[in-house]
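Everything on this sheet refers to the single structure shown next.
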Protein chains: 2
Amino acid sequence: MVTKTTENTKCPVAATLELIGGRWKTPILYCLAFGTKRFGEIAVRIPNISRKVLTEQLKDLEKDGLISRKQYKEIPPRVEYSLTDLGKSLSPIFDEIAAWGNQNILAKP
Amino acid sequence: MVTKTTENTKCPVAATLELIGGRWKTPILYCLAFGTKRFGEIAVRIPNISRKVLTEQLKDLEKDGLISRKQYKEIPPRVEYSLTDLGKSLSPIFDEIAAWGNQNILAKP
DNA sequence: TGTTTTAGTTACCATTTGGTTACCGCTTTT
DNA sequence: AAAAGCGGTAACCAAATGGTAACTAAAACA
């Protein structure tokens with residue numbers, strides 16, 4: 001009854017966390033919250049992420065409609081990522097989580 | 001700069017998601033939000049979780065101060081779990097996530 | 001006497017996730 | 001002629017996560 005009801009309907013919390021959960025999704029969304037970025041810029045701002053995993057996560061986020069990808073037919077290639085309206089609509093969640101984290105984790109003596 | 005700053009200070013969002021992220025943490029917390037439960041009761045309400053994993057996750061949550069464990073010296077054993085005040089303080093986050101999930105995932109045509 | 005009941009633990013295995021390295025295509029720069 | 005710059009992909013690996021089955025202890029019950 002928590003992750004699924006008997007009718008196979010998912011819990012809204014579990015369903016949402018499937019989209020934004022995982023090691024890298026939130027860092028990426030947070031990074032794009034400051035504006036459109038190129039692939040390489042994201043990679044620089046998120047230390048330790050491998051290019052392969054970054055590619056995968058960006059694909060996931062795009063598939064879920066949270067970010068959009070714009071590719072320019074240039075050489076060398078240029079690809080820009082940005083939040084969609086749906087992606088932007090997540091911000092109250094992040095605000096709430098950030099507030100909790102600041103109060104309860106980071107503000108520890 | 002997202003998960004860590006150069007001074008090794010964590011992002012509040014990433015830090016919080018480390019506590020409540022993962023496949024089972026939120027189902028467990030949500031389950032306990034309805035009141036104190038015994039180990040077996042939780043297991044019944046969360047289908048598909050194995051007892052081993054449930055034990056592990058409960059230990060994690062207890063270590064992080066989100067739930068408390070009360071063991072009675074009885075035979076057969078009885079152990080009760082409940083949310084701590086810190087655990088209860090997460091509810092605005094879950095409300096926000098649930099609202100988003102209902103609007104944007106579950107309410108799809 | 002033997003089975004049941006509860007909340008685990010142990011040992012082992014499968015799946016998922018993330019990571020490393022090398023490489024590509026195509027134009028501009030050196 | 002060669003290397004740089006960009007946004008990837010392919011092949012291969014390692015680690016984390018999750019799962020199963022069998023086992024435990026002590027009392028209650030039939």
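Excluded from the calculations below are hydrogen atoms, water molecules and symmetry mates; all remaining heavy atoms, backbone and side chain alike, are included. Residue numbers start from 1 in every chain, and the chains themselves are labelled A, B, ... in the order their sequence lines are given, proteins ahead of strands.
- Atom CZ of R78(A) is separated from atom P of dG25(C) by 23 Å (rounded to the nearest Å).
- For the residue pair A98(B) and P12(A), the shortest heavy atom distance occurs at O-CB, 3.6 Å.
- Following rounding to the nearest Å, K52(B) (NZ) and dG19(D) (P) show an atom-to-atom distance of 9 Å.
- A distance of 13.5 Å separates CD1 in I28(A) from CZ in R45(A), rounded to the nearest 0.5 Å.
- Minimum heavy-atom separation, E41(B) to R38(B): OE1-N, 2.8 Å.
- To the nearest 0.5 Å, the span separating CG on L66(B) from CG on L86(B) amounts to 5.0 Å.
- Counted by atom type alone, S68(B) and S82(B) present one or more donor-acceptor pairs between their side chains at under 3.5 Å.
- Nucleotide dT20(C) holds its P atom 13 Å from the CD atom of E56(A), rounded to whole Å.
- Whole-Å rounding puts the L54(A) CG to dC6(D) P distance at 15 Å.
- Straight-line distance from the CD atom of E18(B) to the C1' atom of dA16(D): 13 Å, rounded to whole Å.
- K25(A) and I20(A) make their closest contact through CB-O, 3.4 Å (heavy atoms, listed as atom of the first residue, atom of the second, distance).
- The residue Q57(B) sits close only to the backbone: its heavy atoms come under 4.0 Å of sugar-phosphate atoms, none of a base.
- Within the structure, a side-chain polar atom (N or O) of R38(A) is placed less than 4.0 Å from OP1 or OP2 of dG7(D).
- Nucleotides of DNA chain C nearest to R51(B) and V53(A) differ in position, and the one nearer the 5' end is that of R51(B).
- A straight line from CD of E80(B) to C1' of dG8(C) spans 16 Å, rounded to a whole angstrom.
- At a cut-off of 3.5 Å, with distance as the only test, no side-chain donor of Y81(B) or E62(B) sits close to an acceptor on the other residue.
- In this structure, CZ of R23(A) is placed 16 Å from C1' of dT16(C), rounded to the nearest angstrom.
- DNA chain D is contacted by R69(A), P76(A), P77(A) of residues 61-77 of chain A, taking any non-hydrogen atom closer than 4.0 Å.
- F39(A) places its CZ atom 16 Å from the P atom of dG5(D), with the value rounded to the nearest Å.
- A close approach under 4.0 Å does occur between a side-chain nitrogen or oxygen of K59(B) and OP1 or OP2 of dT9(C).
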